[in-house]
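For clarity, every value in this text was computed on a predicted model and none was experimentally measured. Atoms within a ligand are numbered from 1 in the order they appear, just like the ligands themselves.
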Amino acid sequence: MTLGEVYERFGVRRLINAKGPATRLSGAPMRPEVAAAMAEAAQACVDIAALQAAAGEVIARYTGAEAGIVTSGASAALLVGAAACVTGLDLAAMARLPDLAGLKGEAVMARSQRNQYDHAIRAVGLRIVEVGLPDRVAGAGVRDTEAWEVAAAISDRTALIHYVAQPWSRPSLEEVVEIARAAQVPVLVDAAAQLPPKANLRRFVDAGADLVAFSGGKVIGGPQASGILCGRKDLVAAAALQMLDMDYPDGSQALPPELIDPSLLPGLPPHGIGRSCKVGKEQIIGLLTALELFVSEDEAAQLGLWASLLGEIRGDLAGLPGVHLALRDGGGVPVLALAFADHERAREVLLELARGDPAVHLEAAELDTGRLLIDPVCLDAADAAPLVSRLWQVCA
Ligand SMILES: *Cc1c(COP(=O)(O)O)cnc(C)c1O
């Protein structure tokens with residue numbers, strides 16, 4: 001079997017992914033152990049709530065959170081997490097979403113943290129209340145949203161504070177948590193792409209976040225459509241109730257008590273707003289298998305392997321006309337930066353590589369400064385030669 005043959009049956013060519021685990025490039029290739037575990041899971045049926053309860057124990061062990069569930073992605077985790085912050089364990093409220101009449105309808109967020117994934121928060125019916133001025137980003141000053149501005153935006157309409165974790169996020173999560181605790185408002189953290197380092201599996205829970213969302217399909221190496229929601233037990237239970245299939249004849253018997261204490265509920269809600277974010281048994285098993293591998297692997301050794309692959313590519317690209325090559329940190333993962341003397345050229349090369357055969361995709365986050373980045377996370381060792389040869393063809 002050659003790599004990507006199954007796609008060719010349907011007329012689709014595999015591509016060389018030097019951009020990293022982007023959704024539009026179908027995420028990362030999966031470790032064989034993860035793919036094998038998913039294939040095995042696909043052969044037998046289980047009670048899906050019991051499987052989520054078991055997943056919660058694994059997630060709790062590795063994140064330090066009270067509870068967790070597997071979701072169909074970090075975005076899905078944000079949606080069901082936000083829904084949980086709005087409803088708590090109020091079944092009538094769950095049934096009503098996204099109609100927020102009579103419920104807290106606002107999510108407070110630093111203006112500089114607004115991004116395309118916060119659609120998941122708005123999908124629950126919430127209105128995002130933007131706070132502060134991103135002067136730092138606008139080039140108008142040195143400041144960003146400040147803690148007092150977050151505090152001033154909280155009212156009796158606030159269902160949650162939405163915090164997007166990046167190394168440069170302001171205010172700090174610790175400051176936001178302090179304000180949130182005082183106001184008794186939960187903090188939902190988008191930490192989708194904050195791994196590696198694997199220490200970040202615990203970092204946001206340790207800082208006091210009530211709920212944290214991670215992507216399973218990025219560096220964890222789980223299925224492309226998987227994610228993690230972890231945090232407070234009551235909120236994770238509320239999220240699970242709104243995501244799982246609730247079509248039971250007798251609810252009191254149906255739900256595993258480790259996931260949801262049935263004595264807290266007068267019954268069961270109908271399918272919730274998260275029903276459209278359904279996650280399959282294969283995704284759950286795949287995510288758990290990938291998470292165990294991710295946690296147990298030697299992080300320094302993995303970084304070393306990526307760096308040495310990039311080092312080889314760098315050696316083979318030495319002398320590429322008009323391009324300065326530099327190996328550097330790319331947010332926890334090493335990257336090879338190709339800096340073009342002529343900035344416009346970087347854009348042309350990017351497009352030509354993507355249109356070529358084989359199609360080659362590089363990271364374009366620094367296009368405006370004339371740089372293309374090679375990210376090693378989704379690269380197969382066998383991709384190095386065609387990648388290098390395409391770059392020579394296009395740039396020479
Ligand atoms: C990737 C990403 C997401 C979405 O993650 P999925 O697992 O693809 O749903 C959300 N937020 C941020 C900041 C991300 O980088």
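- Using a cut-off of 4.0 Å between Lys/Arg side-chain N and Asp/Glu carboxylate O, D90 and R96 are scored as not salt-bridged.
- Nearest heavy-atom pair, V187 versus A180, reported as atom, atom and distance to 0.1 Å: CG2-CB, 3.3 Å.
- For ligand 1, the atoms lying closer than 4.0 Å to a non-hydrogen atom of G73 are 7 (O), 9 (O).
- At a threshold of 4.0 Å, the pair R127-E106 counts as salt-bridged, since one of the basic side-chain nitrogens sits closer than that to a carboxylate oxygen.
- Among all non-hydrogen protein atoms, the one lying nearest atom 11 (N) of ligand 1 is D190 OD2, 2.7 Å.
- Every atom of ligand 1 with a heavy atom of A193 under 4.0 Å away is listed here by number and element: 15 (O).
- For atom 14 (C) of ligand 1, the closest non-hydrogen atom on the protein side is K218 NZ, 2.9 Å.
- Of the protein's non-hydrogen atoms, the one nearest atom 10 (C) of ligand 1 is Y117 CG, 3.3 Å.
- Contact annotation: for S75 versus ligand 1, heavy atoms closer than 4.0 Å belong to both the backbone and the side chain.
- Of the heavy atoms in T23, only side-chain atoms (C-beta onward) come closer than 4.0 Å to ligand 1.
- Here L51 contributes atom CG and I285 contributes atom CD1; the two are 5.0 Å apart, rounded to the nearest 0.5 Å.
- Of all protein heavy atoms, the one lying nearest to atom 6 (P) of ligand 1 is A74 N, 3.4 Å.
- Looking at D368 and R347, a side-chain N of the basic residue comes within less than 4.0 Å of a carboxylate O on the acidic one, giving a salt bridge.
- Protein heavy atom nearest atom 7 (O) of ligand 1, with residue, atom name and distance: S215 OG, 2.5 Å.
- Using a 4.5 Å cut-off on side-chain heavy atoms (C-beta onward), V323 and L372 make no contact.
- Heavy atoms from other residues, nucleotides or ligands lying under 6.0 Å from CH2 of W392 number more than 12.
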